[in-house]
Protein chains: 2
Amino acid sequence: MKIGELAQTAQCSVETVRYYEKEGLLPAAERTASNYRSYGPAHIERLRFIRNCRALDMTQDEIRTLLGFVDDPAAGCGAVNHLVDEHLGHVQARIAELLELEKQLVELRHRCNGEFPVDACGIVQGLNQMDTEPKPAHRHTHLG
Amino acid sequence: MKIGELAQTAQCSVETVRYYEKEGLLPAAERTASNYRSYGPAHIERLRFIRNCRALDMTQDEIRTLLGFVDDPAAGCGAVNHLVDEHLGHVQARIAELLELEKQLVELRHRCNGEFPVDACGIVQGLNQMDTEPKPAHRHTHLG
DNA sequence: GCTTGACCTTGTAGTGGCTTCAGGGTGTGT
DNA sequence: ACACACCCTGAAGCCACTACAAGGTCAAGC
């Protein structure tokens, strides 16, 4: 199977597949006589795994770690569970941040209810006066 | 006022101030005889505005647009309100995405409740079998 | 006058997870 | 013979910074 077919099967672009190979997430494919990459079922499974992790917004590092666990057949899945728990924590932390943000934005939005000169607009005034509180120095989530 | 003092006033780093200048968000400062940047009250206000927008997770483009509105004293604030509404939409859309993600992760997490060989782990199986549905082609949010 | 140290300057490269592009080679159908 | 879809590599771009290298400036203390 050539790269285009693989990409389509895994719902991603050809470039993404090559990128994963370069990053070491996907093992290098064999090559045909004309230097085309050639994939088998193992590659499909691996790529689907990666894409599913990405669909859950895991980072490449998290995925790399996860793949390391999965590739060790003697190991138990405790580490896998732990990683998923941590990632769930990231997602929940980010949700909390965004809910707080939403609150601030709604409050800001209510400061203006019409069409005024910008000087008189409560939103503009709010943006000038708000107190930027320094963001927590160390983030507990990698989600933007 | 020198750059370090300005940065401290606005709760950001010196590098960030120079970066905003390079990007055209903050007008270039005057220079002292020894080529140090020298800032006045207008710069403080402008930088605070920018930092407040960033604290609300607006992009540089959104901020640039907003500054354009604010700098036109003849204009009304309708465009400002609209931009804030749109941004609020981004935030809400991202919250919805992350809540869906959380649901999926919780469901996935429940598939394993102990320490099994990875082959037998419901989470690993889940990650292999999930159907990556193609993400909506065009994003309605710039938030990660 | 000399050193130390805090501050300032410019420029470049790195982050993540891709996407896009330039400049080519390969394979199939007409 | 040509078109056209697919493949290859390598480099650059995205965003909002951050970090670093290599140096200039200035006040205080010895």
Side-chain angles (χ1 to χ4, degrees), chain A residues 1-26 28-39 47 50-67 87 90 94 132 134-135 137-139 141-144, chain B residues 1-26 28-39 47 50-67 87 90 94 132 134-135 137-139 141-144:
Chain A
M1 149 181 262
K2 283 188 290 181
I3 195 169
E5 204 181 338
L6 175 68
Q8 205 163 17
T9 308
Q11 304 275 17
C12 71
S13 76
V14 166
E15 290 82 4
T16 301
V17 176
R18 283 196 286 251
Y19 172 70
Y20 287 157
E21 177 180 318
K22 197 174 58 179
E23 292 301 302
L25 292 178
L26 202 57
E30 300 190 358
R31 299 297 181 121
T32 67
S34 52
N35 200 30
Y36 286 10
R37 287 173 180 80
S38 174
Y39 296 96
L47 181 54
I50 296 169
R51 291 307 291 172
N52 284 334
C53 290
R54 285 295 302 137
L56 296 170
D57 258 356
M58 293 186 196
T59 62
Q60 282 188 12
D61 262 2
E62 286 173 318
I63 299 173
R64 222 183 303 274
T65 304
L66 214 42
L67 287 171
H87 181 60
H90 300 161
R94 182 56 176 158
T132 320
K135 291 222 169 183
H138 201 42
R139 307 205 53 192
T141 164
H142 56 77
L143 302 151
Chain B
M1 153 181 255
K2 284 187 290 180
I3 196 170
E5 205 181 335
L6 175 67
Q8 205 163 15
T9 308
Q11 304 276 19
C12 71
S13 76
V14 166
E15 289 83 3
T16 301
V17 176
R18 283 196 286 251
Y19 172 70
Y20 288 156
E21 178 180 318
K22 198 174 57 180
E23 293 301 303
L25 292 179
L26 202 57
E30 301 191 359
R31 299 297 182 121
T32 68
S34 53
N35 200 31
Y36 287 10
R37 287 173 181 82
S38 175
Y39 297 95
L47 181 54
I50 297 169
R51 292 306 291 171
N52 285 333
C53 290
R54 285 295 300 136
L56 296 171
D57 260 355
M58 293 185 196
T59 62
Q60 282 188 10
D61 262 3
E62 285 173 318
I63 299 171
R64 222 183 303 273
T65 304
L66 213 42
L67 287 171
H87 181 60
H90 299 162
R94 182 57 176 157
T132 320
K135 292 221 171 187
H138 200 42
R139 304 205 57 191
T141 164
H142 56 77
L143 300 150

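Convention: sequence-line order gives letters A, B, ...; per-chain numbering from 1. What's counted below: heavy atoms across the whole structure, side chains too, no hydrogens, waters or symmetry copies.
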Subject >> For atom CD of A/Glu30 and atom P of D/dC8, their distance in whole Å >> reply: 14 Å
**OP:** Provide, to the nearest angstrom, the distance between the OH atom belonging to A/Tyr19 and the C1' atom belonging to C/dT15.
**Re:** 10 Å
Distance-only check: which donor-acceptor pairs under 3.5 Å involve side-chain atoms of residues 17-24 of chain A, not counting sequence neighbours?
unit_1: A/Tyr19; atom_1: OH; unit_2: A/Gln60; atom_2: NE2; d: 2.8
unit_1: A/Tyr20; atom_1: OH; unit_2: A/Arg51; atom_2: NH1; d: 2.8
unit_1: A/Glu21; atom_1: OE1; unit_2: A/Arg37; atom_2: NE; d: 2.9

**OP:** Could you check which of D/dT18, C/dC18, D/dA16 has an atom nearest any side-chain atom of A/Thr16?
**Re:** C/dC18
Original post:
At their closest point, which heavy atom of B/Ile63 faces which heavy atom of B/Ile50, and how far apart are they?
Top reply: CD1-O, 4.1 Å
Subject >> Contact summary for A/Asp57 and A/His87, nearest pair of heavy atoms >> reply: O-CE1, 3.1 Å
Original post:
To the nearest angstrom, how far is B/Glu15 atom CD from C/dG14 atom P?
Top reply: 17 Å
Subject >> Separation of D/dC15 P from B/Tyr20 OH (nearest whole Å) >> reply: 14 Å
Original post:
When you check every protein heavy atom under 4.0 Å of nucleotides 23-29 of chain C, what one-letter string (B, S, -) results, 5' to 3'?
Top reply: --BBS--
Original post:
If only atom types and distance count, is the side chain of A/Gln8 paired as donor or acceptor with the main-chain N or O of A/Glu5 below 3.5 Å?
Top reply: no
**OP:** First locate atom CG of A/Leu26, then atom OG1 of A/Thr16, and finally report the distance between them rounded to the nearest 0.5 Å.
**Re:** 11.0 Å
Original post:
Of the nucleotides D/dC7, D/dC17, C/dT19, which one has an atom closest to the side chain of B/Arg51?
Top reply: D/dC17
**OP:** Map A/Gly4 and B/Arg64 onto DNA chain D by nearest heavy atom, then report which one ends up closer to the 5' terminus.
**Re:** A/Gly4
Subject >> A/Val14 to A/Gly4 - nearest heavy-atom pair and separation >> reply: CG2-CA, 3.8 Å
Original post:
How many angstroms lie between NE2 in B/His90 and CD in B/Glu62, if you round to the nearest 0.5 Å?
Top reply: 5.5 Å
**OP:** Write down the distance between NE2 (B/His90) and P (D/dC15), rounded to a whole number of angstrom.
**Re:** 14 Å
Original post:
Just how far, in rounded Å, is P of D/dA5 from CD of A/Glu5?
Top reply: 18 Å
Subject >> Separation of atom CZ in A/Arg54 from atom P in C/dG16, rounded to whole Å >> reply: 12 Å
Subject >> Atom-to-atom span, CD of B/Gln60 to P of D/dC17 - whole angstrom >> reply: 6 Å
Subject >> Crowding at CD, A/Glu15 (>12 non-hydrogen neighbours, <6.0 Å) >> reply: yes
Shorter than 3.5 Å, N or O on both sides, protein versus nucleotides 9-11 of chain D: list them out with atom names.
unit_1: D/dT9; atom_1: OP1; unit_2: A/Arg31; atom_2: NH1; d: 3.4
unit_1: D/dT9; atom_1: OP1; unit_2: A/Arg31; atom_2: NH2; d: 3.0
unit_1: D/dT9; atom_1: OP2; unit_2: A/Arg37; atom_2: NH1; d: 2.9
unit_1: D/dT9; atom_1: OP2; unit_2: A/Arg37; atom_2: NH2; d: 2.7

Subject >> Nearest-0.5 Å distance, CD1 of residue A/Ile3 to OH of residue A/Tyr39 >> reply: 4.0 Å
